[in-house]
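Quick note on labels: first sequence line is chain A, next is B, and so on, each numbered from 1. Below, all heavy atoms of this structure are taken into account, side chains as well, without hydrogens, waters or symmetry copies.
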There are 2 protein chains.
Amino acid sequence: MSHPTSLDELIEALRCLPGVGPKSAQRMAYHLLQRDPRGAERLSRAVGHALATLRRCSRCNTFTEEEVCERCASPKRDPSLLCVVEMPIDLNAMEQTHAYGGLYYVLMGRLSPLDGIGPKELDFDRLLARVGDGAVKEVIIATNFTNEGEATAHYLSELFHARGLKVSRIARGIPAGGELEYSDAGTVAQALIERRDY
Amino acid sequence: MSHPTSLDELIEALRCLPGVGPKSAQRMAYHLLQRDPRGAERLSRAVGHALATLRRCSRCNTFTEEEVCERCASPKRDPSLLCVVEMPIDLNAMEQTHAYGGLYYVLMGRLSPLDGIGPKELDFDRLLARVGDGAVKEVIIATNFTNEGEATAHYLSELFHARGLKVSRIARGIPAGGELEYSDAGTVAQALIERRDY
């Protein structure tokens, strides 16, 4: 390669972003330098600032600038309901429904033995301490319906059951506005099995 | 949204990268914070360092830390050949062939009237000054074979012809290892038109 060093280094550094290969990293670097140096400066500052200020909420494990995040500290939330999600992005998806008033716990991942991510890496002991605070009556498992998300849900449900907690799982089924014709067979089958009285 | 401010700001800042929408920006932010804080630190530094050190080569217009880049300063390069490419990434593609020993000029873009990018934005006057240095005998236009790349090639060829320069265009045709069966009609037609004696 014939790049000058600081350009090489920028391209290499961009590759730490998920889903960014050598070609995209080059495109991104040229874009930043040529078309958006102000955006680049902002990016450099934002990454540094986030690293310096963000930590994990001691209650729900999500990113926050406080010891306890705003949501966990809110008296308006129902402390008897705890919803377990994989990532903060899933928490946002739940919040956007405006249909849930309880608290959350963010796993920051999912069980994935192939990637070496087990109960220890996800710090399930911390989650168990959280659900054992005396206030939590029901744990709602809202991990994704992928193989890994399902395995995580199953594993967690056994841990929670063993502690005498009420455990539920968000429903699988036909999406809102969805048509049977265009749904895969597994989804339709699940929607049939999980049918409810009407 | 319920993110703390510095996380919001990081997600917003990541969106200045080309092809990164709100969802990818969130995924990237969580990845950096959770899985790769060292990579994040490196990214922050690399962007800042690149902004501070890189400028344009006064001869070929590519990014460099010097007044004149290493390639343009090399006595091993044939100064009578000048290859015009759109972006540094295209220059790399040419160099990887090891089939070209001349010099380059990097447009840092292509004519794109819809995006407001015309001859002035690409600073064609600077390119014309470069080809008029007395040493350049042939200009090889190696812009992409997209509509915009072709339009740029056509426009440039007229400018160069008007200055009495020899102008050529890299060939279109069936890719190496390509089969006619799987090539689109336009490519096959062009390969036929640009056939050479054998």
Side-chain angles (χ1 to χ4, degrees), chain A residues 1-20 23-24 26-54 56-57 62-66 69-71 87-89 91-92 95-96 108-109, chain B residues 1-20 23-24 26-54 56-57 62-66 69-71 87-89 91-92 95-96 108-109:
Chain A
M1 295 289 278
S2 51
H3 289 125
T5 332
S6 61
L7 182 54
D8 278 337
E9 168 56 21
L10 173 58
I11 292 169
E12 258 315 291
L14 283 164
R15 292 194 56 191
C16 79
L17 295 170
V20 174
K23 289 254 169 174
S24 323
Q26 279 193 57
R27 256 194 304 274
M28 285 176 168
Y30 295 134
H31 175 89
L32 287 178
L33 292 168
Q34 189 201 350
R35 299 243 179 264
D36 198 2
R38 284 184 56 193
E41 210 165 292
R42 183 179 171 193
L43 176 62
S44 172
R45 251 186 299 112
V47 174
H49 185 62
L51 285 174
T53 60
L54 290 177
R56 301 294 182 79
C57 171
T62 199
F63 294 110
T64 176
E65 292 174 354
E66 318 295 329
C69 77
E70 217 179 314
R71 197 176 301 104
M87 296 294 291
I89 207 166
L91 187 159
N92 292 339
E95 283 294 281
Q96 274 159 25
M108 291 292 180
Chain B
M1 295 290 278
S2 52
H3 289 126
T5 332
S6 61
L7 182 54
D8 278 336
E9 168 57 22
L10 173 59
I11 291 170
E12 258 316 290
L14 283 164
R15 293 195 54 191
C16 78
L17 295 170
V20 175
K23 289 253 170 175
S24 324
Q26 280 194 55
R27 257 193 305 271
M28 285 176 168
Y30 295 135
H31 175 88
L32 288 177
L33 292 168
Q34 190 203 349
R35 300 244 179 263
D36 198 4
R38 284 185 57 193
E41 211 165 290
R42 183 179 171 194
L43 177 62
S44 172
R45 251 185 299 112
V47 173
H49 185 63
L51 285 174
T53 59
L54 290 177
R56 301 294 183 79
C57 171
T62 199
F63 294 110
T64 176
E65 292 173 357
E66 317 295 329
C69 76
E70 216 179 314
R71 196 177 300 103
M87 295 295 290
I89 207 167
L91 186 159
N92 293 339
E95 284 293 282
Q96 275 159 24
M108 292 291 183

Worksheet item: With a 4.5 angstrom heavy-atom cut-off, which part of A/R15 approaches chain B: side chain, backbone, both or neither?
Response: neither

Response to the item:
Checked B/L51, B/T53, B/T62 vs chain A; the most non-hydrogen pairs under 4.5 Å come from B/L51

Discussion item. With chain B as the partner, which of A/R56, A/H49, A/E12, A/Q34 has the greatest number of non-hydrogen pairs under 4.5 Å?
Written reply: A/Q34

Discussion item. Are A/Y30 and A/R35 packed together at the side-chain level, in the sense that at least one heavy-atom pair is separated by less than 4.5 angstrom?
Written reply: no

Discussion item. Please enumerate all residues that pass side chain to side chain donor-acceptor pair (under 3.5 Å) together with A/R27, with sequence neighbours excluded.
Written reply: none

Discussion item. Heavy-atom pairs under 4.5 Å with chain B - which of A/A40, A/G39, A/P37 has more of them than the others?
Written reply: A/A40

Worksheet item: Between B/A29, B/A46, B/S44, which has the largest tally of heavy atom pairs under 4.5 Å with chain A?
Response: B/S44

Discussion item. Counting C-beta onward and ignoring hydrogens, is there a side-chain heavy-atom pair between A/L17 and B/L43 closer than 4.5 Å?
Written reply: yes

Worksheet item: Quick one: do B/R42 and A/E9 make a salt bridge, cutoff under 4.0 Å?
Response: yes

Discussion item. Please check this pair: side chain of A/E65 against backbone of B/S6, looking for a donor-acceptor N/O pair closer than 3.5 Å.
Written reply: yes

